[in-house]
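Heads up: the structure comes next, in structure tokens.
Since this is a predicted model, take the numbers as computed values, not measurements. In what follows, every chain begins at residue 1, and chains take the letters A, B, ... in the order their sequences are listed.
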There are 2 protein chains.
Amino acid sequence: MAMSISELARGAGVGVETVRYYQRRGLLEDPRPQKTGAGGIRHYGPDEARRLRFIRSAQDAGFTLEEIGELLRLDSSDDRPRAREMARTRIAALDQQISRLRAARQSLAKLAKECAGGVDGPCPIIASFEGVG
Amino acid sequence: MAMSISELARGAGVGVETVRYYQRRGLLEDPRPQKTGAGGIRHYGPDEARRLRFIRSAQDAGFTLEEIGELLRLDSSDDRPRAREMARTRIAALDQQISRLRAARQSLAKLAKECAGGVDGPCPIIASFEGVG
DNA sequence: CTTGACTCCGTACTATGGTACGGGACCTAT
DNA sequence: ATAGGTCCCGTACCATAGTACGGAGTCAAG
């Protein structure tokens, strides 16, 4: 049940240094300040593991660590409007980004196709992107 | 026909400093080395403008500036296999990224919905992402 | 022929998200 | 009880993609 930092890290697919970085950023709590003075080895439970996985998911969703910090704070507060707003804002950004990536994919497909077509000579890489940006 | 650096930059929606940065990186040529010694004010034509727009498009497609440099070099070489390979690799990465973003969008929609549902108390932000990463 | 906008150039600084390093403490198996 | 593997801690460093700054040169208009 109680994990070491390296087990915690491995469980989320990140490095130990990354976990420690998140602690420094205040995204993960450092489970120990109340202990009797001396600095000893930390132990982590499923809560920390979930929190860490959440951080990675939220990162995949495009939130910055800064925003993730806010989300984590919201998770235990009652500010629903703020949480909804953040979600909506990010969804809009995601939709935009997804369309951009789709457009980019189109251009690349075009590039690959045109490049496969001719027999020799350079393929028109720059031209393949014309009228896209 | 001949533009100043700031016109070139504006035309691509970037800053002058960014153009100069790309020149330093070797992505845009510096139109002048062969001129008679003295360093004077550069003038840019439609070629440079297209090249700059390409850089932005390729960035949207997720290529790094390093990779864009390679693409630009490929554009005037005959290495079609390499160009196709880069395109295919990037398309695969884009497809992955698009799915990830879609999944993230799902989670966020869930978060927004659950957060809108209850009347008070915190909304389960972390829980909304469970089973996503 | 000066003023103000723009340019050039080099260097330094920024933000983001880590990654590495070195020394000491600690824990476990032999 | 000692060797090897972890852990803790602070500090430093890294890559990417710019952005800012200061001083000097240049250019067009009034």
Between [X] and [N], does any side-chain N or O lie under 4.0 Å from OP1 or OP2?
X      : N       : result
Q23(A) : dC9(D)  : no
R42(B) : dC27(D) : no
T18(A) : dG17(C) : no

Residue of the set R42(B), Q23(B), R20(B) for which side-chain hydrogen bond (donor to acceptor under 3.5 Å, both in side chains) holds with D30(B): R42(B)

Output the rounded distance in Å from [atom1] ([X]) to [atom2] ([N]).
X      : N       : atom1 : atom2 : answer
L65(A) : dA15(C) : CG    : C1'   : 12 Å
R20(A) : dA12(D) : CZ    : P     : 16 Å
E67(B) : dA17(D) : CD    : C1'   : 14 Å
Y21(A) : dC14(D) : OH    : C1'   : 13 Å
R24(A) : dA20(C) : CZ    : P     : 13 Å
F63(A) : dG17(C) : CZ    : P     : 13 Å
R25(B) : dA17(D) : CZ    : P     : 6 Å
I41(B) : dA24(D) : CD1   : P     : 17 Å

Can you tell me if S128(B) uses its side chain to pair, donor with acceptor, with the backbone of P124(B) under 3.5 Å? yes

Any sub-3.5 Å donor-acceptor pair from D75(B)'s side-chain atoms to I126(A)'s backbone N or O?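 At least one qualifying donor-acceptor pair exists.
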
I55(B) and L72(B), any side-chain heavy atoms less than 4.5 Å apart: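 Yes - at least one pair of side-chain heavy atoms lies under 4.5 Å apart.
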
Which residue lies more 5' along DNA chain C, comparing S4(B) with E17(B) via nearest heavy atoms: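 The 5'-side residue here is S4(B).
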
Along DNA chain C (nearest heavy atom to each residue), the more 5'-positioned of Y22(A) and H43(B):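 Result of the comparison: H43(B).
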
So, R82(A) and E85(A), do they make that salt bridge, N to O below 4.0 Å?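 Answer for the salt bridge query: yes.
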
Need one value for Q59(B): base, sugar-phosphate or nothing, where a base atom within 4.0 Å counts as base even if backbone is also close, heavy atoms only.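 It contacts sugar-phosphate atoms only.
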
